[in-house]
Amino acid sequence: MLVVWVCVIRFQQIRDYGCHSCVNSLSLALGFLCALGTSMVGNFQQSNQLETHLTGAFLAFVIGIAYFYLQSYLTYKVKPRHGGWWIGPLRIILTVSATALMILMIVFVSINKKSIAAICEWILAMILFVLFGLFFIDFWHLEGHFFHIKKRRVVIPNEVQASTVTLSL
């Protein structure tokens, strides 16, 4: 759930900076799928539910890496950048490293070097954790976060009034 919340905050932050692109919306969807995959990997052991575990691993790793490629792109598209000049290149380097580790993991599994593949898998997981943790640079200036739900405007004869409900989370 923490990953979902971080993805929502990042989505709204980018939108609030004036980037109303479909890339931002796509990154939100990919972030949700990455969180779902992480939950699946953690809750379904490889020895008991191999198919479910592998589906979760695909969502966590492949979709997670795609999410961070989009976030790297959005880092350069959004102004202001709170991390200084180094946050963009660091995100790109870590994302490319995660891609290389995923490819190495697949290669080692295919040649039956499962111990080395497991090492690549764990390093990949740690890099994804670091990438999510790097959002603290983008969030450090936030004092709070409000999630707004706006009711759909419905025109009712004799009563034309829109209301907004604000939830403090």
Side-chain angles (χ1 to χ4, degrees), residues 1-43 54-107 119-153 162-169:
M1 285 309 296
L2 183 60
V3 169
V4 169
W5 193 241
V6 166
C7 291
V8 167
I9 293 172
R10 180 68 173 160
F11 169 79
Q12 287 185 335
Q13 180 187 43
I14 290 171
R15 191 184 61 196
D16 289 346
Y17 286 142
C19 182
H20 299 284
S21 72
C22 61
V23 174
N24 193 24
S25 299
L26 178 61
S27 73
L28 179 65
L30 292 180
F32 286 173
L33 289 174
C34 176
L36 174 66
T38 304
S39 178
M40 289 171 68
V41 165
N43 287 305
L54 292 177
T55 301
F58 173 82
L59 290 173
F61 293 142
V62 175
I63 301 299
I65 289 171
Y67 173 78
F68 282 108
Y69 275 115
L70 291 179
Q71 287 301 316
S72 297
Y73 167 76
L74 289 169
T75 297
Y76 286 101
K77 189 168 173 130
V78 170
K79 303 287 186 236
R81 260 187 266 150
H82 297 286
W85 65 269
W86 58 271
I87 193 68
L90 181 59
R91 266 196 191 119
I92 291 170
I93 289 168
L94 288 172
T95 305
V96 169
S97 299
T99 304
L101 281 165
M102 187 178 63
I103 292 168
L104 284 173
M105 180 180 65
I106 293 168
V107 167
I119 292 169
C120 291
E121 180 181 0
W122 278 101
I123 295 172
L124 172 57
M126 293 303 117
I127 288 175
L128 289 176
F129 289 149
V130 168
L131 282 164
F132 274 109
L134 279 177
F135 284 131
F136 84 89
I137 304 277
D138 298 296
F139 299 159
W140 72 268
H141 69 285
L142 298 176
E143 292 179 12
H145 181 74
F146 295 96
F147 186 66
H148 300 281
I149 300 172
K150 293 183 179 182
K151 292 183 180 180
R152 194 177 294 194
R153 190 171 198 186
S163 65
T164 302
V165 177
T166 301
L167 301 174
S168 178
L169 303 173

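Predicted model only: the values in this text are computed from it and were never measured.
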Aromatic plane relationship, F68 with F132 - under 30° parallel, 30 to 60° tilted, over 60° perpendicular: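 If you compare the ring of F132 with that of F68, the planes turn out perpendicular.
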
Of all the heavy-atom pairs spanning [X] and [Y], show the shortest one and how long it is.
{"X": "G37", "Y": "L59", "result": "CA-CB, 3.5 Å"}
{"X": "A57", "Y": "V41", "result": "N-CG2, 3.1 Å"}
{"X": "C34", "Y": "G64", "result": "SG-CA, 3.6 Å"}
{"X": "S97", "Y": "I127", "result": "CB-CD1, 4.2 Å"}
{"X": "L74", "Y": "S21", "result": "CD2-OG, 4.4 Å"}
{"X": "A60", "Y": "L128", "result": "O-CD1, 3.6 Å"}

Residue pair [X] / [Y], side-chain donor-acceptor N/O under 3.5 Å:
{"X": "R91", "Y": "S72", "answer": "no"}
{"X": "R10", "Y": "Q71", "answer": "yes"}
{"X": "T99", "Y": "Y69", "answer": "yes"}

Give, for atom [atom1] of [X] and atom [atom2] of [Y], the distance between the pair rounded to the nearest 0.5 Å.
{"X": "M105", "Y": "F61", "atom1": "CE", "atom2": "CZ", "value": "5.5 Å"}
{"X": "T95", "Y": "L70", "atom1": "OG1", "atom2": "CG", "value": "10.0 Å"}
{"X": "E121", "Y": "I106", "atom1": "CD", "atom2": "CD1", "value": "11.0 Å"}
{"X": "M1", "Y": "S39", "atom1": "CE", "atom2": "OG", "value": "10.0 Å"}

I92 and Y76: CA distance, side-chain angles, deciding distance, side-chain contact (heavy atoms from CB on, under 4.5 Å) verdict: CA-CA 11 Å; I92 291 170; Y76 286 101; 3.6 Å; yes

Donor-acceptor pair, [X] side chain versus [Y] backbone, under 3.5 Å?
{"X": "Q13", "Y": "D138", "result": "yes"}
{"X": "N24", "Y": "H20", "result": "no"}
{"X": "W140", "Y": "I137", "result": "yes"}

Between [Y] and [X], is there a side-chain heavy-atom distance shorter than 4.5 Å?
{"X": "L36", "Y": "M40", "answer": "yes"}
{"X": "L90", "Y": "L134", "answer": "yes"}
{"X": "I65", "Y": "L124", "answer": "yes"}
{"X": "L28", "Y": "Y67", "answer": "no"}

Chi angles and distances behind the side-chain contact (heavy atoms from CB on, under 4.5 Å) call for F32, V8: CA-CA 9 Å; F32 286 173; V8 167; 3.7 Å; yes

Do other residues, nucleotides or ligands put more than 12 heavy atoms under 6.0 Å from the OH atom of Y73? no

